[in-house]
Amino acid sequence: MSTATPVLAAETGLIRFRSVHAIWWRHLLALSRVWQVAMTWFVIEPVVVLLAVALGIGRLVGEMDAYGSYALFVAPGIVIGTAMFHAIFECSWSTFERIGQSYYETALTAPVTIPEIILAELAFAITRALISTVAVAGFAIAFGWIPLAALPGLLLVSVGVGLVFGGIGLLFAALAPSMHALSLVFTLVATPLYFFSGTFFPISVLPDWLQPVAWAAPLTPLVELARGVATGQLGVVHLYCGLYVMALAALLYPLAVVLMRRRLMK
Amino acid sequence: MAAIEARGLIKTFGSLRAVDGVSFQVERGETYGLLGPNGAGKTSIMRMLAGLSPISGGELFLSGLNVAEQPRAVRTRLGVVTQADGLDGELSVRQNLEVFGFLIGLSRREARARADEVLGFFRLRERGNAEVDELSGGMRRRLAIARALMGKPEVVVLDEPSTGLDPESRIRVWEELAELKRADVTLLMSTHYMDEAETLCDRIAIMHSGRILDEDTPPELIRRHAGSAALDLRPSGSSRADIRDALTNAGLRFREVGAVIRVTGGNGAPPVLPPLEGVQVSERAANLEDVFLALAGRGLQEEQP
Ligand SMILES: Nc1ncnc2c1ncn2[C@@H]1O[C@H](COP(=O)(O)OP(=O)(O)OP(=O)(O)O)[C@@H](O)[C@H]1O
Ligand SMILES: [Mg+2]
């Protein structure tokens, strides 16, 4: 039997694909072992929100000029907002727990580097975002709130969600001194973004001073893209949104590498 | 070429010098022990070798590879058992091994086959499908060692391999480590157990405050620092203070451990007592603990309030 493959690329700072693949596989295996519970996160919770908002609040709201019904407006936002929660939860809470249980310490005794760990975490955040989107969008499609043809586009947007919010989650995991402090990622980031990123109402209804803030929020471009894809109304604004998402991802990745290295290598 | 070589190795945490210019060599197939009180720097040395901690100064080589320059190549040749087992509580026992095997570069099939081998070697085969949480402390430790062996490493680093285990489990771990030694695997281990060091290690370094105080085979260290025999004094009538004074005046090295005053010789010779009254004296063979107390004793006493 061969021993571990010597990877010379390693020494030159290249990414060893096996490291990323193996850590990602480990996370998938761990998730699949608790699939019954995982089902409730992926399906029951978001579907409750979707039904309550689209059918309940939607009936009060009535018609919305540009979108037809409120359900058509809100469904893509809920799809993306839910994907955000998955990505951010995975890379903050789960990652933080794995730091505490010396999971990464063990991984680093294998021929693995910090950038590979970060890429694996992001890959799994994307995976969770994709699973979530398939589940939630699936329901919205069944109710006729999102056209089936929009699904590939929504999946592509979910990749962006995984990268950006996985990245944000990793920053918090790397910096948080305790679980207590870590919960700030939900109170300060995830929950406000969920409500103020054009998910439940158009940003244009916010007071003037709050509008620029809402536009700069990292979930906004993703919700905007998802809505563009779902309604088929794509314009030049979506190009800017796409560029903004890519810029955020490009900024968050090296930052996560640096902070996580500081956390793990002492 | 030495399996491990450290030259003037340094590790600093802020202003603290956890490892303060340490040099040693471990030959291929040798078992080398790091002994020293809490905070001596044992774990710091091992973590630098494992690439878990940046080297602050000096040089560290594994089979001629510079750890600072080729960390990845080093880790393909090294198995590491950290002080915290680092077992994956979300996976089964067998999955812990297979996923790690895949991580180090084995194919899934190879990883499965190798997991079978190491589970067999550590007599854990029936527990393969158990959850990690269901294992006893000894089994967890052995699983952590088993995981470190997935890649058939040339060198294995073990940080306190048997701490917290009952005597039966400890002996099991010892047998398994002895088996590795027979297979010519180089072992670098730390321990707080003198019997463990004496049983397993070819050579030992005694550390204190980031420095190696002395290094040799256990018998040679004992001869040099504790003489051939040690005396245990048990005061019955006379006061401890009187005995203390008498021993100090005679220029003897001693240390009070509970009810007993241990007197050690040095450089091969047994200690010669001054006339004492009201003391039970028993002679015994000097052991590593005497060496440890003699060498690290001064430093240890300084730390006591
Ligand atoms: N991450 C860290 N930050 C700051 N100081 C540290 C850190 N890790 C270790 N130290 C300090 O470095 C010194 C050496 O620690 P080390 O863990 O190497 O000792 P050790 O010999 O393994 O002790 P023990 O027998 O208790 O395991 C100690 O004073 C310790 O407090
Ligand atoms: Mg230690």
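We name chains A, B, ... by the order of the sequence lines, and we start the count at 1 in each one.
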Which of B/Gly89, B/Pro54, B/Ala84 touches chain A most, by non-hydrogen pairs under 4.5 Å: B/Pro54

Value rounded to 0.5 Å, distance of NZ in A/Lys266 from CG in B/Leu52: 12.5 Å

Residue A/Phe186 excluded, over 12 heavy atoms near CZ under 6.0 Å: yes

Interatomic spacing from CG in A/Leu29 to OG in B/Ser92 - rounded to 0.5 Å: 7.5 Å

Pair A/Thr106-B/Arg147, side-chain contact (heavy atoms from CB on, under 4.5 Å): steps then yes or no: CA-CA 10 Å; A/Thr106 303; B/Arg147 188 187 54 204; 3.3 Å; yes

Portion of A/Leu264 that has a non-hydrogen atom of chain B nearer than 4.5 angstrom: backbone

CE (A/Met39) with more than 12 external heavy atoms under 6.0 Å: no

Distance, nearest 0.5 Å, that separates CD of A/Glu105 from CG of B/Asp85: 10.5 Å

Donor-acceptor pair, side chain of A/Arg26 and main chain of B/Val99, under 3.5 angstrom: no

Interatomic distance, A/Thr109 atom OG1 to B/Leu103 atom CG [nearest 0.5 angstrom]: 8.0 Å

Option that, when pairs with chain A are counted at under 4.5 Å, heavy atom only, ranks first among B/Val80, B/Leu91, B/Leu78: B/Leu91

Heavy atoms from other residues, nucleotides or ligands near CZ of B/Arg28 exceed 12 (cutoff 6.0 Å): yes

Nearest-0.5 Å distance that lies between atom CZ in B/Arg108 and atom CH2 in A/Trp25: 4.0 Å

Heavy-atom neighbours of A/Phe96 CZ exceed 12 at 6.0 Å: yes

Distance in Å, B/Glu90 CD paired with A/His27 NE2, rounded so as to fall on 0.5 Å steps: 8.5 Å

Per-residue contact mode, B/Glu131 against chain A (heavy atom under 4.5 angstrom): side chain

Which portion of B/Ser44 sits near chain A, non-hydrogen atoms under 4.5 angstrom: neither

Donor + acceptor pair across side chains of B/Gln95, A/Arg33 (<3.5 Å): yes

Side-chain ion pair, B/Arg72 and A/Glu116, N-O less than 4.0 Å: yes

Any A/Pro111 side-chain heavy atom under 4.5 Å of B/Ile104 side chain: yes

